[in-house]
Number of protein chains: 2
Amino acid sequence: MKQKPTLKVIAKELDVSVSTVSKALRDSKEIGEETKKKVKAFAKLYNYRPNNIALSLKNKKTKTLGVIIPEIVHHFFTTVISGIEHYANDKGYNVIVGLSNESFKKEVINLEMLANGSIDGFIISVAKETLSFKDFHHFSETIDQGIPIVMFDRVIDDIECDKVIVDDVKTSEKAVQKLIDGGCKNIGIISTKDYVNVGRLRTEGYKNTLNANHIKIQNSRILKIDDKFNSDDNLEFLEEQIYTYFEENEVDGLFTVNELYAITAMKVARQKGLTIPDDLQVIGFTDGVLSRHAFPSLTTISQHGFEMGEESAKLLIDRLENPNEEEELFKTIVVKTDIIDRETTKLRNPKK
Amino acid sequence: MKQKPTLKVIAKELDVSVSTVSKALRDSKEIGEETKKKVKAFAKLYNYRPNNIALSLKNKKTKTLGVIIPEIVHHFFTTVISGIEHYANDKGYNVIVGLSNESFKKEVINLEMLANGSIDGFIISVAKETLSFKDFHHFSETIDQGIPIVMFDRVIDDIECDKVIVDDVKTSEKAVQKLIDGGCKNIGIISTKDYVNVGRLRTEGYKNTLNANHIKIQNSRILKIDDKFNSDDNLEFLEEQIYTYFEENEVDGLFTVNELYAITAMKVARQKGLTIPDDLQVIGFTDGVLSRHAFPSLTTISQHGFEMGEESAKLLIDRLENPNEEEELFKTIVVKTDIIDRETTKLRNPKK
DNA sequence: TTGAAAGCGCTAACAG
DNA sequence: CTGTTAGCGCTTTCAA
């Protein structure tokens, strides 16, 4: 077992001082060519690499970002992580991932664990439980300690920090309008409880569009799914709620707040004998693997998670590397969305 | 902005020495009750938390694990990460994630970036490119430096380290046998090129079972998908290869090495007018979201990724915390698999 | 051109 | 019971 060499051993080996070695390796002009060459050769031979931890301690920065997300077995979040990694690695940063599992407590623990010097800044999408508790002290305290936070997707209006979002309202308006234009008369929405900001905003877009088209809003057509926190058997629970919804509503167009709700609704609808898209057209927010491979394939809204990740990392790293500049001027970046047209909105016999 | 307090400032504030503070906080019996109380109160008030980096430097361990995987937008890998996080957090470890994107070079860079003190050990699933190059020097060098590695799923026989795998051969045998028992006469397999060990082993299982059942192996029925590395438009390329396969083969049972191949094959088969499962039964290795929500839902083999993650983390942490014990006795843990019965193997009119 | 010394934040052996 | 000192690996004045 070959121990990693340190400056100290190189110095001793070459019979020079530690600081000489350090300077030689950083090509300081204080050091003579001869010595430089000698030191560098030796370092290469023994494959010297400076110890990151020592550097971190010295420089008071770790060159690593902490990413805290609710879940990782989730297409959207993984694309975001990819984007973060991509940008961060490019800039020489590492990323530590922490999972909150939608739990407030785990979110706090993760934050505290990493805020003790392990990372330079956070990229966070807030846990549902935190949103419902409305307890955000851990975020403000972290920021207060001088550790910057970037929030994406599930953000908190009251916390002053950089944010990366999509225009949930406008995007939903586009989607619902598309259903109307496709000939749907009775359009429903499957959303989340209102404390999840994206759910609330998407529902708002839905209502706006109905209003704009002079269609009366029927509250029974707005289903707000009640998620259990930290529970794995949400799926059946979800199906039940949607089943009941279809019992009580006759819709020919459905907008959902994520692809899972859409896919599940399609399954339930099929059980009830509806044909998609002829009897029921569907659009889901958030493009993932499910949508592309579903049958029929699902029309969705792409949030461009990879880009959101890149933008988040960029915001954070910019702030870390230019601490004085633009202080207190927090940015909110709105990433554009696209409707990805697939089969669930492709009528074989267009009504118009 | 409240700066994080250090031992030093607490010491100065309370007019005692740094080591007194340090000891008081760790409840050393060397320190008088009075002082302890005073120090602790002060520390709580100012929300003192020891600096992780300083501790890491001192202790020569970081309490963080480096996980390097080919891809993160991938159900199996994310379940594994969940499992790793779960076990690691429980033991007070953090997790840094690095992505190789199936690229040899990125894998090496990631390894080197983290091996300079940032992490205590690695959990790795090897990139396809690395497997095809057969260049494993980065792994052996890392191990040589005293940094333990645990490999999972895509492991390398020649590297001596702890491993977590499933019994690919036996499991595939079970799956193919199930197809035979279900009445399939012409069974094909869609696998990967042989340098991907799991692909090779699963193909081996396929062949074994045909042999055991005295069915002649037809090479044309063995499709070995040619993945492009680092390419996002693999999907079309995949469809093409499968399309050609179906042109040249008439199969009524199909075993695939992952769920994407299965789903894609189902799509192509449908285009060719085949009904599933009546004309074609399908089983895919690796259970993910796609399988559950596909139509018809796909019978798969669950590798229990979460468990694999937990086991990997356990192996690694055990080795880190008991460095002398059981030295050089590397373990290979075989995680059990299950066939998850769904619709693609459920004949409406069983042939037998 | 090189080296000694201090310091990043913390712990621990040793002295007082 | 408390403080001094040294050291983890590195950089960076400042002095030689």
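In this text the structure is predicted, and so the values were computed from the model without any measurement. Residue numbers start from 1 in every chain, and the chains themselves are labelled A, B, ... in the order their sequence lines are given, proteins ahead of strands.
At a non-hydrogen distance threshold of 4.0 Å, A:Ser22, A:Lys23, A:Arg26 from residues 20-29 of chain A come into contact with DNA chain D. Taken residue by residue, residues 6-19 of chain B places heavy atoms nearer than 4.0 Å to DNA chain C at B:Thr6, B:Leu7, B:Lys8, B:Val18, B:Ser19. Looking at residues 35-53 of chain B, you'll see B:Tyr48, B:Pro50, B:Asn51 sit with a heavy atom under 4.0 Å from some atom of DNA chain C.
Along DNA chain C, the stretch of nucleotides lying under 4.0 Å from any heavy atom of chain A spans, 5' to 3', C:dT1 to C:dG9.
Among the atoms of the strands shown, only primed sugar atoms or phosphate atoms (P, OP1, OP2) are found under 4.0 Å from some heavy atom of A:Lys60.
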Quiz: residues 307-314 of chain B side-chain donor-acceptor pairs under 3.5 angstrom, not counting sequence neighbours:
unit_1, atom_1, unit_2, atom_2, d
B:Glu310, OE2, B:His86, ND1, 3.1
B:Ser312, OG, B:Met308, O, 2.7
B:Lys314, NZ, B:Asp318, OD2, 3.1

Solution key, residues 4-11 of chain A side-chain donor-acceptor pairs under 3.5 Å, sequence neighbours excluded:
unit_1, atom_1, unit_2, atom_2, d
A:Thr6, OG1, A:Lys8, N, 3.3
A:Thr6, OG1, A:Val9, N, 3.4

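Every pair passing salt bridge (Lys or Arg N to Asp or Glu O under 4.0 Å) that includes a residue from residues 38-53 of chain B is listed here, sequence neighbours excluded: B:Asp27-B:Lys40.
Taken over five-pair windows at either terminus, the axes of the helix from C:dT1-D:dA16 to C:dG16-D:dC1 are inclined to one another by 60° (rounded to 10 degrees).
Side-chain polar atoms of B:His138 and B:Glu107 form a donor-acceptor pair below 3.5 angstrom.
Partners of B:Phe76 according to the ring-ring contact (aromatic ring centres under 6.0 Å, His included) rule, which considers only residues two or more places apart in sequence or in another chain, do not exist here. In this view, A:Phe42 and A:Tyr46 satisfy the ring-ring contact (aromatic ring centres under 6.0 Å, His included) rule, not counting sequence neighbours. Here A:Leu316 pairs with A:Leu65, A:Ile123, A:Pro148, A:Val150, A:Leu320 under the side-chain contact (heavy atoms from CB on, under 4.5 Å) rule; sequence neighbours left out. Partners of A:Phe122 under the ring-ring contact (aromatic ring centres under 6.0 Å, His included) rule, at least two apart in sequence or in another chain, do not exist in this structure.
A salt bridge does not link B:Glu30 with B:Lys36: every distance from a Lys NZ or Arg NE/NH1/NH2 to an Asp or Glu carboxylate oxygen is 4.0 Å or more.
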